[in-house]
Amino acid sequence: MLQLYFSPMACSLSSRIALMEAGLDASYHQVHLWTKKIVDDDGDFRGISPKGAVPVLVLDNGERLTESAAVLQYIADLNPKSGLAPRPGDVDRYRLQEWLSFIGSEIHKAFLFPTFWYKDDGSLAKPRARIAQTLSVPAEHLAEREFLVGNSFTVADAHLTWALLLLRPAGIDIARWPSLSAYLERMQTRPAVRSAIATEMALRKAMAA
Ligand SMILES: N[C@@H](CCC(=O)N[C@@H](CS)C(=O)NCC(=O)O)C(=O)O
């Protein structure tokens, strides 16, 4: 069975959403990202991945796959009928990769990651100043469209949903972009998305207790 190493509400949430949207069974192993301990057995997460970062997907043959863009596309391709990714060769497949790269670099690493991982000693001013310009890109794209790519939900939507969920805790009011807040609400009407978020929010609360 597939195994996903995750941390509640971290970027690995999009991989959980993808697994659930694809109807794939997996076992889930929670990781404490500060201590790099696996919660199940107190094992060393760096032994699973030297990157020390989630998501890590363990494939049926034991190989370990990292990086959300790769993990998400792998999950999508396990169940092509789910439509979670356009077929390779279709120009929309490269649109999907375009969005996954944009979310992973321009939103996640440029803004969300430093906001949650670094002390704000003033160095976050520049990433903060840039986020409005960055978010205007998906906001304009989604003003007239329901999904990021094509006419149905893909793993790019799973990833953007996760990123948008983190805006409020990062101190950004999504109401500034009506198309993004409408999109986020729409995505959360999907049973798999709602269920994945509810599971991870409960785990997050348990961590904080
Ligand atoms: N490029 C990776 C980034 C993964 C990443 O930064 N994950 C965060 C959680 S959102 C993490 O595990 N951080 C722990 C660390 O970097 O030490 C991806 O897109 O999957």
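Ligands are counted one by one from 1 in listed order, and the atoms in each one are counted from 1 as well. Computed from heavy atoms alone, side chains included, the values below leave out hydrogens, waters and symmetry copies.
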Handout entry: Test item, W117 contacting ligand 1 (heavy atom, 4.0 angstrom)
Key = yes

Problem - Enumerated ligand 1 atoms positioned under 4.0 Å from heavy atoms of L33 - result: 9 (C), 11 (C), 12 (O)

Exercise for the section: State the atoms of ligand 1, each with its element, that fall below the 4.0 Å cut-off from a heavy-atom position in P55. Expected result: 20 (O)

Problem - Electrostatic pair D157-R186, nearest N-O below 4.0 angstrom - result: no

Problem - Ligand-side contact atoms (ligand 1) for residue partner E67, heavy atom cut-off under 4.0 Å - result: 1 (N), 2 (C), 18 (C), 19 (O), 20 (O)

Handout entry: Heavy atoms of other groups near M207 CE, more than 12 under 6.0 Å
Key = yes

Practice task
Counting heavy atoms only, name the option from A10, A69, S68, G104 that's nearest to atom 20 (O) of ligand 1.
Solution key: S68

Practice task
Measure from atom 16 (O) of ligand 1 to every heavy atom in F116, W162, F113 and give the option owning the shortest one.
Solution key: F113

Handout entry: Minimum non-hydrogen distance to atom 10 (S) of ligand 1, winning option of S7, C11, A70, S12
Key = C11

Completion exercise
Between P127 and F111 the two heavy atoms that sit nearest each other are O-CD1, 3.8 Å

Practice task
Decide whether the shortest distance between a heavy atom of H108 and an atom of ligand 1 is less than 4.0 Å.
Solution key: yes

Completion exercise
atom 3 (C) of ligand 1: of M9, K109, R46, the nearest heavy atom sits on K109

Exercise for the section: Please work out whether any backbone atom (N, CA, C, O) or any side-chain heavy atom from C-beta onward of V54 is under 4.0 Å from ligand 1, and answer side chain, backbone, both or neither. Expected result: both

